[in-house]
Amino acid sequence: MDYNKIASFDVYYYEGYAKAACIIFEITPFERIISSHYAIESSPRKYIPGKFYERELPSLLKVYKKIKEEIDLIIIDGFVSLAKGEKGLGAHFYYRLNKKIPLIGVAKTLFKGAT
């Protein structure tokens with residue numbers, strides 16, 4: 001499968017709110033940004049280790065609903081799998097999208113026991 005259009009998601013936290021953002025870019029015939037989208041979450045949930053998806057998934061889905069382009073691949077800031085076969089943010093996002101779009105999780109911070 002060719003992955004021509006890629007959507008990259010992340011969520012940033014501020015005092016009292018969160019901002020989820022997505023950039024959609026194309027890699028063929030050359031690299032270029034196609035569009036960008038964002039959504040504000042006025043009352044983000046607190047971080048609970050092992051339950052990161054509960055905090056970020058609502059914001060990611062809110063941004064995803066704004067996308068008009070057909071995308072071939074998703075990249076998120078977070079794990080897909082955690083320890084002992086538990087689902088991370090990436091797996092929860094993937095299943096919420098009915099497993100239609102391949103997803104890669106790239107976490108910046110180590111989660112103890114993650115695979």
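Model, not experiment: these values are computed from the prediction.
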Non-hydrogen side-chain atoms of Phe9 and Leu89 separated by less than 4.5 Å: no

With heavy-atom distances below 4.5 Å as the criterion, would you say the side chains of His37 and Lys68 are in contact? no

Residues in ring pair (Phe, Tyr, Trp, His ring centres under 6.0 Å) contact with Tyr14, at least two apart in sequence or another chain: Tyr17

Validation row: Phe52, Leu57 side chains within 4.5 angstrom (heavy atoms): no

When rounded to the nearest 0.5 angstrom, what is the spacing between CD1 in Ile67 and OG in Ser35? 7.0 Å

So, using salt bridge (Lys or Arg N to Asp or Glu O under 4.0 Å) as the criterion, who are the partners of Lys19 when residues are at least two apart? none

Quick one: does Arg55's side chain have a donor or acceptor within less than 3.5 Å of a partner on Arg45's backbone? yes

Rounded distance [0.5 Å steps], CD1 in Ile101 versus CD1 in Ile71: 4.0 Å

Side chain to side chain, Tyr13 and Tyr47, heavy atoms closer than 4.5 Å: no

What about Ile40 and Val11, same hydrophobic cluster or not, with Ile/Leu/Val/Met/Phe/Trp/Tyr joined at side-chain heavy-atom distances under 4.5 Å? no

For the student: nearest non-hydrogen atoms of Ser59 and Glu41, plus distance: OG-CB, 3.5 Å

Rounded to the nearest 0.5 Å, how far apart are CD1 of Ile33 and CD1 of Ile23? 5.0 Å

Could you measure the distance from the NZ atom of Lys5 to the OG1 atom of Thr28? Nearest 0.5 Å is fine. 9.5 Å

Honestly curious: do Ile6 and Tyr38 fall in one hydrophobic cluster under the side-chain, below-4.5 Å linking rule? no

Is the shortest side-chain heavy-atom distance between Ile76 and Tyr94 below 4.5 Å? no

Is there a path from Val63 to Leu97 through hydrophobic residues (I, L, V, M, F, W, Y) whose side chains come within less than 4.5 Å of each other? yes

Applying ring pair (Phe, Tyr, Trp, His ring centres under 6.0 Å), name anything that partners His92, two or more places apart in sequence or on another chain. Tyr53

Could you see if Tyr95 belongs to whatever hydrophobic cluster contains Ile74? Use Ile, Leu, Val, Met, Phe, Trp, Tyr and a side-chain cutoff under 4.5 Å. yes

Identify the heavy atoms of Ala39 and Lys62 that sit nearest to each other, and give their distance. CB-CD, 3.7 Å

Which atom pair, heavy atoms only, marks the closest approach of Glu56 to Asp77? OE1-O, 4.3 Å

Same cluster or not: are Ile27 and Val106 linked, directly or through other Ile, Leu, Val, Met, Phe, Trp or Tyr residues, by side-chain heavy atoms under 4.5 angstrom apart? yes

